[in-house]
Amino acid sequence: MRIMMFVSFPNDAFNAAAKDGSVGAKMQKILGAQKPEAAYFMDHSGKRTGVLVLDLANASQIPALAEPWFLTFNASVEIHPVMTPSDLAAAGLEKLGKEWG
């Protein structure tokens with residue numbers, strides 16, 4: 001199951017890591033362990049935010065993805081299942097539309 005994970009960093013924890021010089025090593029340690037397909041960093045709603053795309057074998061992997069961000073940066077994490085265009089094509093939308101429309 002492919003997911004998109006949004007990680008929002010509170011200023012206090014992230015600023016402290018930036019000021020003490022540990023932010024890069026901490027980010028690389030987490031990203032190296034998680035091996036996202038893609039990772040993007042931006043501002044969102046006024047907070048530093050990372051967006052990671054990961055492919056999970058099962059839902060039991062979710063704590064291992066979220067906890068490093070919680071524990072290292074006191075971050076907020078949102079996880080959303082996502083589909084590729086081929087996943088969407090295989091979803092049977094036409095059949096569902098006929099059945100439920």
Side-chain angles (χ1 to χ4, degrees):
M1 170 179 62
R2 186 168 278 110
I3 63 157
M4 192 169 276
M5 184 166 65
F6 295 82
V7 181
S8 294
F9 305 97
N11 286 333
D12 291 343
F14 200 94
N15 286 350
K19 288 177 181 178
D20 72 17
S22 67
V23 70
K26 289 176 178 181
M27 295 286 284
Q28 288 304 314
K29 181 178 180 183
I30 297 170
L31 293 170
Q34 295 184 348
K35 298 177 179 53
E37 292 179 5
Y40 302 96
F41 297 91
M42 62 191 177
D43 70 293
H44 184 262
S45 298
K47 292 185 180 179
R48 294 176 178 105
T49 301
V51 179
L52 287 69
V53 178
L54 300 120
D55 198 11
L56 304 184
N58 58 63
S60 67
Q61 293 175 277
I62 291 172
L65 295 176
E67 290 299 329
W69 300 108
F70 292 147
L71 297 169
T72 303
F73 293 107
N74 197 30
S76 298
V77 176
E78 293 181 32
I79 295 175
H80 304 276
V82 296
M83 293 183 285
T84 64
S86 60
D87 294 332
L88 185 60
L93 291 176
E94 293 81 5
K95 179 181 174 193
L96 291 168
K98 288 179 182 175
E99 182 178 344
W100 295 99

Show the nearest heavy-atom pair for residues [X] and [Y], with the distance to one decimal.
| X | Y | answer |
| --- | --- | --- |
| Ile30 | Pro68 | CD1-O, 3.7 Å |
| Gln34 | Ala64 | NE2-O, 3.7 Å |
| Ser22 | Asp20 | OG-OD1, 2.6 Å |
| Ala75 | Val7 | CB-CG1, 3.7 Å |
| Leu54 | Pro36 | CD2-CA, 3.8 Å |

Taken in chain and number order and not counting sequence neighbours, the residues that satisfy side-chain hydrogen bond (donor to acceptor under 3.5 Å, both in side chains) with Asp55 are none
Are the side chains of [X] and [Y] in touch, meaning some heavy atoms are under 4.5 Å apart?
| X | Y | answer |
| --- | --- | --- |
| Asn15 | Arg48 | yes |
| Leu56 | Leu65 | yes |
| Leu93 | Leu88 | yes |

Q. Are there more than 12 heavy atoms of other residues, nucleotides or ligands under 6.0 Å from atom CG of Asp12?
A.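 At most 12 heavy atoms, drawn from other residues, nucleotides or ligands, come within 6.0 Å of this atom.
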So ring-ring contact (aromatic ring centres under 6.0 Å, His included) across residues 9-35, not counting sequence neighbours, yields Phe9-Phe14, Phe9-Trp69, Phe9-Phe73, Phe14-Phe73
Under 3.5 Å, is there a donor-acceptor pair between the side chain of Gln61 and the main chain of Asn58?
-> yes
Sidechain-backbone polar pair: Thr49 side chain, Lys47 backbone, donor-acceptor under 3.5 Å
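Indeed, once roles are kept as given, a pair shorter than 3.5 Å links the two residues.
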